Structures are given as C-alpha cells and as structure tokens.
Protein chains: 2
Amino acid sequence: MGLHVEGKDLRKAGLKVTLPRLKILDILEGSATRHLSAEDIYRRLIDTREDIGLATVYRVLTQFETAGLVTRHHFEDGMAVFELNQGEHHDHIVCLDCGRVEEFVDEGIEERQRVVAARLGYEIRHHALVMYGHCRKPDCPGAGKLRADS
Amino acid sequence: MGLHVEGKDLRKAGLKVTLPRLKILDILEGSATRHLSAEDIYRRLIDTREDIGLATVYRVLTQFETAGLVTRHHFEDGMAVFELNQGEHHDHIVCLDCGRVEEFVDEGIEERQRVVAARLGYEIRHHALVMYGHCRKPDCPGAGKLRADS
DNA sequence: GTATATGCAAAACTTTTGCATCCTT
DNA sequence: AAGGATGCAAAAGTTTTGCATATAC
C-alpha cells in the first residue's frame with residue numbers, strides 16, 4: 001500500500017506539504033482500523049523506519065483536527081483516538097472484548113437529539129454517541145463465552 | 001450542609017466505612033454541579049481542611065465506580081469526571097461556553113439504540129450520549145454573543 | 001489482632017512546549 | 001530568504017503504585 005495522498009488535501013486545508021503530514025495522513029487512510037491513537041500512529045511510523053517524533057504526531061493530529069481533516073474521540077478508556085473525516089457524521093459502537101469499533105447512523109436518533117436540544121434551549125455544535133457491548137463475532141475473544149451478566 | 005450519608009451506603013456496597021470515603025460521598029451528594037473531577041473533589045477536601053491525599057481520592061472513586069455508586073465519564077476534554085448514581089440512566093448535554101452539564105432521558109433515543117445494536121449483533125452493556133453546544137442562558141459567558149458560526 | 005485503607009512520594013502515562021535546526025514555498 | 005515545521009528533550013497534567021503507618025472491624 002503506497003501513498004494514497006497527494007499534497008492536495010493538505011494544501012486545501014491550508015497546511016504546508018511536509019513529509020510527516022503526508023505519512024500520517026497515509027497511515028490514517030490506509031489503516032484497517034479507522035480509529036488510531038497518537039501512539040498507534042507513532043508505532044507504525046517507527047515500523048516503517050520513518051524518523052518522526054511523537055511530538056510531531058501530536059502536533060500534526062491537532063492541526064488536522066483544526067483543519068477538519070480528522071476527528072478526535074475520547075472513548076471510555078480516556079485516551080484520545082483519531083479518525084479520518086470521510087463521509088458524513090456517524091456514531092460508534094465499541095466491543096468491550098476485542099476493541100472493534102463500528103460506525104452507524106440512525107436518522108431517528110439524530111432527529112430526537114434535535115428535539116431534545118431544542119427543548120433544553122441549546123444550540124448544538126456536535127455530539128458523540130457511543131454504545132459499548134459484546135460483538136460476539138467469531139474472531140472475538142469474547143465470542144465463545146456464554147452470555148454472562150458481565 | 002452537614003453529612004448527608006451514614007455508613008449504610010458504603011456497607012451495603014461492601015466497603016469499610018472510613019472517613020475519606022464518607023467525606024467524598026458527602027461531597028458528591030452535596031455538590032451543586034453533579035459532575036466532579038478527582039481534582040475538584042480534592043480541592044474541596046482541602047478547603048474543608050480534610051487531610052486526604054489525592055491518591056486516596058482516586059482510589060476511592062475507582063472503588064465507588066466498581067461498587068456501582070458512581071459513574072465515570074469522559075467528556076471531550078479527556079479528563080475523567082465522576083457522578084453519583086442516583087435515579088436511572090440518563091444522557092448529557094454540555095455547554096461549550098460555561099461548562100454547564102444537564103441531563104436528559106429520551107425514550108425514543110433509547111429505543112432506537114436498542115434497534116441499532118440488535119441489527120449490528122451487539123449485546124449492549126452501556127452507552128454514552130453527549131451533546132455539545134451553547135446553552136445561551138443569561139448567566140452564561142456565551143449568552144450575549146450573536147449566534148456565530150462557531 | 002488482622003486485614004484493609006491511607007498518606008506521601010515516586011512512578012507511569014499521555015500530551016504539550018521550548019528551542020535550535022531543517023524544510024517548504 | 002523567510003516563515004513555518006520538526007526533533008529532541010524537558011515539562012506539564014492526570015492517574016497509578018509502593019510502602020510504611022494508621023484505622024476499621
């Protein structure tokens with residue numbers, strides 16, 4: 001998997017085209033799991049012998065977030081994970097056993113949220129809905145277990 | 001506002017009744033803002049000249065969480081906040097200007113979530129929905145401002 | 001009296017910042 | 001050439017842990 005990105009995306013976002021930014025964008029684009037921590041990204045850079053510091057990873061991710069290229073999430077472990085913004089808004093469901101993250105959109109939920117926010121008098125800027133549970137998929141370590149109380 | 005708690009709650013939760021635990025429970029019960037960080041609680045302890053260490057605050061809060069007495073949330077700033085469990089599940093709406101946190105329940109949203117989880121094959125354990133916006137309340141620093149794009 | 005809880009200090013971990021150097025434009 | 005970006009190291013912020021002492025039961 002080579003570089004999926006030309007500098008266009010970066011230039012369009014008002015950012016200089018530099019190697020660290022290209023590499024990090026490439027990792028975010030090429031990753032099977034779409035939600036990566038700064039450490040995840042840093043490790044992948046090291047694996048490909050890129051000489052990019054962890055501080056730069058954080059700086060670049062923050063710039064990407066400001067530019068609207070990525071979204072920063074805080075799932076319940078507290079550590080930030082970053083996701084490339086492609087397509088439209090969506091919510092998340094996280095497997096407590098394998099850490100898998102899936103995305104979904106439900107217009108009913110979106111609509112009810114608008115109603116609730118209006119009732120409470122808020123002008124909503126964004127929101128985050130995350131469900132946590134057991135995915136029970138065959139390759140999930142929690143799959144074999146009987147459905148226990150926890 | 002004196003102690004609201006006897007040792008009962010603690011004993012029922014299987015925890016020894018100690019001064020730090022009573023004080024912290026008392027703070028959680030007596031606070032106007034129901035969502036407090038460990039640091040918030042620690043500061044209030046210092047204000048009342050309680051000689052309780054920050055490490056103990058963290059330990060106690062974690063035990064309370066395990067015992068089901070409190071819930072730990074991660075709003076988008078990343079720092080953990082703790083909330084006393086009283087009444088049933090609810091979701092949150094946070095003001096970006098003043099930090100105010102309000103709670104709500106919408107059965108429509110709950111129901112749609114169950115449908116989505118079933119469709120994706122997950123057994124849900126819990127979920128967190130947080131909306132972020134501007135509350136526009138009179139005492140909010142963001143109140144006077146025209147509704148700008150951000 | 002025994003087991004558990006606490007305080008303090010130190011460590012661990014995540015994220016940010018200062019500064020000299022390097023790179024993009 | 002000039003301004004912004006990077007690497008490294010150090011700092012800052014949050015949370016956890018080790019250990020001797022104190023406390024609950």
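Residue numbering restarts at 1 for every chain, and letters A, B, ... go by the order of the sequence lines. Since the structure is predicted, the reported quantities are computational estimates derived from the model, not experimental observations.
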Once rounded to the nearest 0.5 Å, what's the spacing between atom [atom1] of [X] and atom [atom2] of [Y]?
X	Y	atom1	atom2	value
B:M131	A:Y122	CE	OH	9.5 Å
A:L10	A:F64	CG	CZ	5.0 Å
B:F75	B:Y132	CZ	OH	6.5 Å

Could you give the [atom1]-to-[atom2] distance, from [X] to [N], as a whole number of Å?
X	N	atom1	atom2	answer
A:E39	C:dA12	CD	P	15 Å
B:L54	D:dA12	CG	P	18 Å
B:D40	D:dT15	CG	P	11 Å
A:Y42	C:dT16	OH	P	16 Å
A:H74	D:dT15	NE2	P	11 Å
A:F64	D:dT6	CZ	C1'	14 Å
B:R43	D:dG13	CZ	P	12 Å
B:M79	D:dA12	CE	C1'	14 Å

message = Does either side chain, that of A:E76 or that of B:H73, offer a donor lying less than 3.5 Å from an acceptor on the other one?
response = no
request  = To the nearest 10°, let me know how far the axis at one end of the helix from C:dG1-D:dC25 to C:dT25-D:dA1 is tilted from the axis at the other, five pairs an end.
outcome  =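 Its terminal axes enclose an angle near 40°.
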ask   = How about A:H127 and A:H89: are their ring centroids closer than 6.0 Å?
value = yes
query = Among the nucleotides D:dT14, D:dT17, C:dT14, which one has an atom lying closest to any side-chain atom of B:A55?
reply = D:dT17
ask   = So what does B:R11 hit on the nucleic acid, given a heavy-atom distance under 4.0 Å: a base, only sugar-phosphate, or nothing?
value = sugar-phosphate
ask   = What do the steps show when you test B:K23 against B:D26 for salt bridge (Lys or Arg N to Asp or Glu O under 4.0 Å), and what is the final call?
value = CA-CA 5 Å; B:K23 289 294 182 195; B:D26 188 43; 5.7 Å; no
message = If you define the side chain from C-beta out and look only at heavy atoms, does anything of A:D106 sit under 4.5 Å from A:L129?
response = no
request  = Return yes if some donor-acceptor pair links the side-chain N/O of A:R49 with the main-chain N/O of A:D47 below 3.5 Å, else return no.
outcome  = yes
key: A:Y58 side chain near C:dT15 phosphate (N/O to OP1/OP2, under 4.0 Å)   = yes
Taking N or O atoms only and anything under 3.5 Å, show me the protein contacts with nucleotides 4-6 of chain C, one pair per line.
residue, atom, partner, partner atom, Å
C:dT4, O4', B:K16, NZ, 3.1
C:dA5, OP1, B:R21, NH2, 3.0
C:dT6, OP1, B:T18, OG1, 2.8

query = Name the one of A:R34, A:H35, A:E102 that satisfies side-chain hydrogen bond (donor to acceptor under 3.5 Å, both in side chains) with A:H92?
reply =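 Single side-chain hydrogen bond (donor to acceptor under 3.5 Å, both in side chains) partner of A:H92 among A:R34, A:H35, A:E102: A:H35.
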